Amino acid sequence: VQLQASGGGLVQAGGTLRLSCEASGLTFRIYYMGWFRQAPGKERVLVAGISRGGNRTYYSDSVKGRATISRDNTKNTVYLQMNKLKPDDTAVYYCAASRYGTERWTGGTDYWGKGTQVTVSS
């Protein structure tokens with residue numbers, strides 16, 4: 001199984017970024033997908049989650065109203081669009097897959113991607 005995240009980079013505060021995560025080696029449509037982030041010296045935390053069919057989503061308070069998670073089951077890809085970026089959004093972003101549970105990540109993580117760095121300059 002591979003979860004290949006891309007789309008990170010350096011962006012100015014107030015800018016927009018779209019992360020993508022392409023999955024291979026698993027039946028993508030039966031997995032809940034999520035985006036986590038880990039800032040230096042901090043724990044990895046759930047930022048957004050999406051149900052198998054894409055009709056239910058979850059956002060952490062830190063990104064609610066600024067982020068949109070979506071998925072394309074025909075392309076085995078999950079996306080995270082983030083607007084109005086802040087320096088506090090600086091972190092390594094990881095995509096993750098969960099076979100069971102909910103989009104709130106109640107079922108744990110089965111697979112992790114390698115992460116993509118997002119740096120927001122002030």
Side-chain angles (χ1 to χ4, degrees):
V1 173
Q2 282 195 325
L3 302 178
Q4 185 64 52
S6 61
L10 176 63
V11 62
Q12 288 189 333
T16 296
L17 212 58
R18 189 192 196 206
L19 305 180
S20 300
C21 174
E22 184 175 2
S24 60
L26 77 170
T27 306
F28 182 75
R29 59 181 170 77
I30 66 173
Y31 282 82
Y32 294 88
M33 297 300 296
W35 286 96
F36 288 70
R37 70 185 183 189
Q38 186 168 20
K42 296 188 177 181
E43 293 184 352
R44 190 176 299 186
V45 295
L46 177 66
V47 172
I50 190 166
S51 61
R52 295 160 175 160
N55 58 321
R56 296 190 307 276
T57 56
Y58 164 82
Y59 299 97
S60 67
D61 288 344
S62 61
V63 302
K64 194 174 295 182
R66 300 188 297 120
T68 302
I69 186 171
S70 60
R71 66 190 295 164
D72 186 339
N73 286 350
T74 68
K75 296 182 178 179
N76 288 1
T77 302
V78 60
Y79 307 95
L80 182 69
Q81 171 110 3
M82 292 191 63
N83 305 317
K84 300 179 182 178
L85 284 161
K86 308 173 184 179
D88 283 350
D89 294 319
T90 295
V92 178
Y93 285 70
Y94 299 88
C95 65
S98 178
R99 178 67 179 88
Y100 299 105
T102 70
E103 63 277 4
R104 294 176 176 267
W105 229 253
T106 54
T109 301
D110 292 287
Y111 303 106
W112 290 101
K114 288 188 176 179
T116 183
Q117 175 71 46
V118 172
T119 303
V120 183
S121 63
S122 57

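These numbers were taken from a predicted model, which means no experiment stands behind them. For the single chain, residues carry numbers from 1 onward in sequence order.
- No hydrogens or angles considered: a donor-acceptor pair under 3.5 Å links the side chains of R37 and Y93.
- No path of Ile, Leu, Val, Met, Phe, Trp and Tyr side chains, each step under 4.5 Å between heavy atoms, connects I69 with V92, placing them in separate hydrophobic clusters.
- Listed here is the closest heavy atom pair of P87 and S122: CG-CB, 3.9 Å.
- Side-chain atoms of F28 and V78, non-hydrogen and from C-beta on, do get closer than 4.5 Å to each other.
- Distance alone, capped at 3.5 Å, places no donor-acceptor pair between the T68 side chain and the Q81 backbone.
- Proximity of a side-chain donor or acceptor of D110 to a complementary backbone N or O of R99 within less than 3.5 Å is detected.
- The shortest distance between side-chain heavy atoms of L17 and V118 falls below 4.5 Å.
- The number of heavy-atom neighbours closer than 6.0 Å to CZ of R44, taken from other residues, nucleotides and ligands shown, is above 12.
- Grouping the Ile, Leu, Val, Met, Phe, Trp and Tyr side chains by contacts below 4.5 angstrom, directly or via other members, places M33 apart from L46.
- For the atom pair S121 OG and L85 CG, the distance stands at 10.0 Å (nearest 0.5 Å).
- Applying the side chain to side chain contact (heavy atoms under 4.5 Å, CB included) rule to A67 yields the partners Y59, V63, L80, M82; only residues at least two apart in sequence or on another chain are considered.
- Side-chain heavy atoms closer than 4.5 Å link hydrophobic residues (I, L, V, M, F, W, Y) into clusters, and following such links, possibly through other members, connects Y31 to V1.
- Between atom OG1 of residue T27 and atom CZ of residue R52 there is a gap of 11.5 Å, rounded to the nearest 0.5 Å.
- Of the possible polar contacts, none joining the T109 side chain to the Y111 backbone as a donor-acceptor pair under 3.5 Å is found.
- Counted within 6.0 Å of CD on Q38, heavy atoms from surrounding residues, nucleotides or ligands total more than 12; the atom is thus considered enclosed.
- Here the side chain of T77 pairs a donor or acceptor atom with the backbone of K75 at under 3.5 angstrom.
- Separation of atoms OH (Y79) and CG (L19) is listed at 12.0 Å; rounding is to 0.5 Å.
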Given side chain to side chain contact (heavy atoms under 4.5 Å, CB included), test Q2 with K114 step by step and report yes or no. CA-CA 9 Å; Q2 282 195 325; K114 288 188 176 179; 6.0 Å; no
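- Between W112 and L3 the shortest side-chain heavy-atom distance does not fall below 4.5 Å.
- With values rounded to the nearest 0.5 angstrom, Y32 atom OH is found 7.0 Å from S51 atom OG.
- The distance from the OG1 atom of T119 to the CG atom of D89 is 11.0 Å, given to the nearest 0.5 Å.
- No more than 12 heavy atoms of other residues, nucleotides or ligands sit less than 6.0 Å from atom CD of Q4.
- Atom CD1 in I50 sits 6.0 Å away from atom CZ in R71 (nearest 0.5 Å).
- For W105 and F36, the distance between ring centers is under 6.0 angstrom.
- Shown here for G113 and Y94, the closest heavy-atom pair between the two residues is O-CD2, 3.4 Å.
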